[in-house]
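What follows is a short report on a single structure.
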Amino acid sequence: MVAAHAQVRQALNVTQGAALRLLEQLNDRQREAVTLPAEHALVLAGAGSGKTRVLTTRIAWLISTGQASPHGILAVTFTNKAAREMLTRLSAMLPIEPRGMWIGTFHGLANRMLRAHHRDAGLPHTFQILDSQDQLAAIKRLLRTLNVDDEKCPPKSLQHFVNGAKEEGRRAGAVEAYDEHTRRMVELYAAYDEQCQREGVVDFAELLLRSRELLARNAPLREHYRARFRHILVDEFQDTNTLQYEWLKLLAGESSVLFAVGDDDQSIYSFRGARVANMAAFEREFRVAHLIRLEQNYRSHANILDCANALIAHNRNRLGKNLWTDAGEGEPVRVRESLGDAQEAQWLVEEIRSLVAEGWMRSDIAVLYRSNAQSRVLEHALFSSGVPYRVYGGLRFFERAEIKHALAYLRLMENPDDDGAFLRVANFPARGIGARTLESLQDQARRSGTGLFASAASVPGAGGSRLAAFVQLVARLRADTQALSLPEVVAHVIEASGLVAHYRSEREGQERVENLRELVNAAASFVAEEGIATGTPANLGVAGGPRPASSTVAQAFDSRAGSTVVETDASAAPGAVQTTPLAAFLAHASLEAGENQAGEGTDAVQMMTVHSAKGLEFDAVFLTGLEEGLFPHENSIVDPQGLEEERRLMYVAITRARKRLYLSFAQTRMLHGHTRYNLRSRFLDELPPALLKWLGARPRPVPGPGGGPASRWGATSASISDGRGASDARHEPFARSAEASGRATGWRVGQNVAHARFGEGVIVAIEGSGEDARAQVRFEREGTKWLALAIARLEPCG
DNA sequence: TCGGTTCAGAGTATT
DNA sequence: TCTGAACCGA
């Protein structure tokens, strides 16, 4: 402790000047936020307003003015990327090692705490973390064990139920069940938790829930952390769920200062439990004295911002903010209507090509879409034209099957009770342990109340001896790697398990072998980044979890074991224990799934969903598929809250663009095997017409069977097939598209209707024309139905 | 144990 | 329409 303080004070002299210089670079509002007194604060940070900068400068300022030591800081984010970003910027600002700080994701920090206090948390010190995939597998296994019908209880829905309950901070016993089905789910939830406990594994939500329970139950520990973390800083506060907010409250107590940064207008994750209401709750419950708005935007030109402002003003539920910039108005926002999704894609390719020809970098161009399914058509067009692109999302490194297999061996070595890992690799590579053998093993284990590993010896017959051989293999792996460093362990295991040999003999296994070798590298960089001394055996305790602490080594007294242990963290929490590099690496693999695709360095067009674009920015942004039913998505149209979230999503999309923004929609689109006629998104109509520039000719609609569409269009389409008159289209930008169906049927998407039998609802899609025209109607009571318009007697209403 | 066929489902996603 | 998962036969 003494050493740490001296270190800080020494750093101070160097730092103070630097931090003051950093303050000079901030605008008034930012500086006000950074230099707030040590009281709870909420910073409403608009898109591109320098949120991360404020957060990191605040930390640097607290430290350099001596108000806090690195050791007293806890900063929490949602993604590893954000945590890394914060750490990187911080080390650029401060000449001191930021290691004493707790900077990380909610899950990463919870994991760190549970590792250090696993006994108090009721976990084995080798506990493993299940990612979503592992969790689903565990649930399927549970349902099979309990002979629960898959039809009655789909594994995915149980997973959803369990995670939902945990994210609300509820154990099975605390879930209110008023109907039979819910009662059944609650029972299964309890059984799932028992299974996890037996196997020494925790899922993502469990990390936080356990950590919260630990703090709630263990007063000395709670007081220790409260006394330690005088400053708690939270990024993207609007995304916190109930459990995360409770965790923060427990950690902050009366003594700590909470500094929360967020933007209610960018709350787009309610579907995964995020509660914007936490912002208001925070303000109220903590009697927040300082509410600061960051409204100056450093990213986009004014036309783009004004569109964003105008759009979001249509939302009722917001704290209120208006972005501005001094960057100049810039170009108008371009709007493009296409006949169909293929034509939209083709136009996109041509536009991108001409941008590139003008000197724009492909990597500065983003193509955004509402749902992943839309990417295929776009990819196809880009691919056929040879435009390099990169799609975000998809399989990440640690999620690959071969990597999962290797990790399963490592997990089994670390924790033999991990039945999920056992089942994953007992017969991979194939060693003659068939489904029947495994079934009898599972029966055996159930009878004796032990894990699969422990029961493996007692299965009779040939299957039994093969099981015994597998158990021996794992035991040998463990014995042979005793003195090896982590990368060496990984290298040994991928060979000795037979994984490398197996994939090498496969026709298309070369890439998988390379991935396995890459896992060794990943282990090596992990060791390097975590500051684990080279050559440290992988099973030797070194640190309190991922991102272990500074080199200041303090002696801590382990109250339980009564022995003195080395804790590298300068603070010794009561009863804290160390963890091994292997356990830390396995946790790291679960908590950070890694990159999803190679080719990051190449100059490629960036393709992603609007959700994954949050936090990013690009010179040029193409926002595609702006159609009713798609964006806003039909599942959200009926519910006002849902519609507001869609609008926020659109707001996020618009504010990604620095210089140029394209908004694009198509009259028809192939969806679920049907051609759908969609109206353009209502969000387009919520933008100020004066800021928009309509591109190209009004496309001619698809001729329908019911006669000449040309006559319908001739009168209104002055600019048809008149390429020169591109901007003339602005004269009539709001004649709705897709009249092909709209006029022919007399109905439109979004219209409220009533049906004699089904009651009231809203039209979410229209397809076909003439006698074949059908409308998809979402009824308030009866769900969504397709109705033939020639037959069903719909009445307009509302 | 693999490979083909069938069938359901189809929103957004981090840890 | 397309995809992934599950199931069945060789």
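Bear in mind that the values here come from a model prediction, so they are computed numbers and not experimental data. Chain letters run A, B, ... following the sequence lines, proteins first, then strands; residues in each count from 1.
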**Message:** Tell me if the aromatic rings of A:Phe622 and A:Tyr369 count as close, with their centers under 6.0 Å from one another.
**Reply:** no
**Item:** Cationic tip of A:Arg400 above A:Phe398 ring, under 6.0 Å, 45° of axis
**Value:** no
**Asked** Does A:Gln133 CD have over 12 foreign heavy atoms under 6.0 Å away?
**Response** yes
**Item:** C1'-based separation of C:dT3 from B:dT14 [nearest Å]
**Value:** 24 Å
**Message:** Just to be sure I understand the rule, does A:Asn427 reach a base, reach only the sugar-phosphate, or reach nothing, if contact means heavy atoms closer than 4.0 Å?
**Reply:** sugar-phosphate
**Prompt:** Is A:Lys156 touching bases, backbone alone, or none of the nucleic acid, heavy atoms closer than 4.0 Å?
**Reply:** nothing
Give each protein N/O atom lying under 3.5 Å from an N/O atom of nucleotides 5-14 of chain B, with the pair distance.
{"unit_1": "B:dG11", "atom_1": "O4'", "unit_2": "A:His633", "atom_2": "NE2", "d": "3.4"}
{"unit_1": "B:dG11", "atom_1": "N7", "unit_2": "A:Asn635", "atom_2": "ND2", "d": "3.3"}
{"unit_1": "B:dG11", "atom_1": "N1", "unit_2": "A:Ser636", "atom_2": "OG", "d": "3.4"}
{"unit_1": "B:dG11", "atom_1": "N2", "unit_2": "A:Arg370", "atom_2": "NH1", "d": "3.1"}
{"unit_1": "B:dG11", "atom_1": "N2", "unit_2": "A:Arg370", "atom_2": "NH2", "d": "3.2"}
{"unit_1": "B:dG11", "atom_1": "N2", "unit_2": "A:Ser636", "atom_2": "OG", "d": "3.1"}
{"unit_1": "B:dG11", "atom_1": "N2", "unit_2": "A:Glu646", "atom_2": "OE2", "d": "2.9"}
{"unit_1": "B:dG11", "atom_1": "N3", "unit_2": "A:Arg370", "atom_2": "NH2", "d": "3.4"}
{"unit_1": "B:dT12", "atom_1": "OP1", "unit_2": "A:Asn372", "atom_2": "N", "d": "2.3"}
{"unit_1": "B:dT12", "atom_1": "OP1", "unit_2": "A:Asn372", "atom_2": "ND2", "d": "3.3"}
{"unit_1": "B:dT12", "atom_1": "O4'", "unit_2": "A:Arg370", "atom_2": "NH2", "d": "3.1"}
{"unit_1": "B:dT12", "atom_1": "O2", "unit_2": "A:Arg370", "atom_2": "NH2", "d": "2.6"}
{"unit_1": "B:dT12", "atom_1": "O2", "unit_2": "A:His611", "atom_2": "NE2", "d": "3.4"}
{"unit_1": "B:dA13", "atom_1": "OP1", "unit_2": "A:Thr609", "atom_2": "OG1", "d": "2.7"}
{"unit_1": "B:dA13", "atom_1": "OP2", "unit_2": "A:Asn372", "atom_2": "ND2", "d": "3.4"}
{"unit_1": "B:dT14", "atom_1": "O4'", "unit_2": "A:Arg272", "atom_2": "NH1", "d": "3.2"}

**Request:** Apply salt bridge (charged side-chain N to carboxylate O under 4.0 Å, His left out) to A:Glu627 and A:Arg676, showing your working.
**Result:** CA-CA 11 Å; A:Glu627 295 136 38; A:Arg676 291 201 359 187; over 6 Å; no
**Asked** What distance separates A:Asn80 CG from A:Glu592 CD, expressed to the nearest 0.5 Å?
**Response** 4.0 Å
**Fill in**
Here the distance between atom P of B:dT15 and atom CG of A:Asp131, to the nearest Å, is 12 Å
**Message:** Nearest whole Å is fine: how far is C:dT1 P from A:His380 NE2?
**Reply:** 16 Å
**C1'-based separation of B:dT12 from C:dA5 [nearest Å]** = 22 Å
**Prompt:** In terms of the nearest nucleotide of DNA chain B, which residue is placed more toward the 5' end: A:Glu592 or A:Gly432?
**Reply:** A:Gly432
**For atom CG of A:Leu143 and atom P of C:dA6, their distance in whole Å** = 12 Å
**Prompt:** What's the CG-C1' distance between A:Leu243 and B:dT15, to the nearest Å?
**Reply:** 12 Å
**Message:** Counting neighbours of CZ on A:Phe271 that are heavy atoms of other residues, nucleotides or ligands and sit closer than 6.0 Å, is the number greater than 12?
**Reply:** yes
**A:Tyr189 and A:Phe161 aromatic ring geometry - parallel, tilted or perpendicular at 30°/60° bounds** = perpendicular
**Interatomic distance where CG belongs to A:Asp235 and C1' belongs to B:dT15 [whole Å]** = 15 Å
**Spacing of A:Met670 atom CE relative to C:dT3 atom C1', expressed in whole Å** = 15 Å
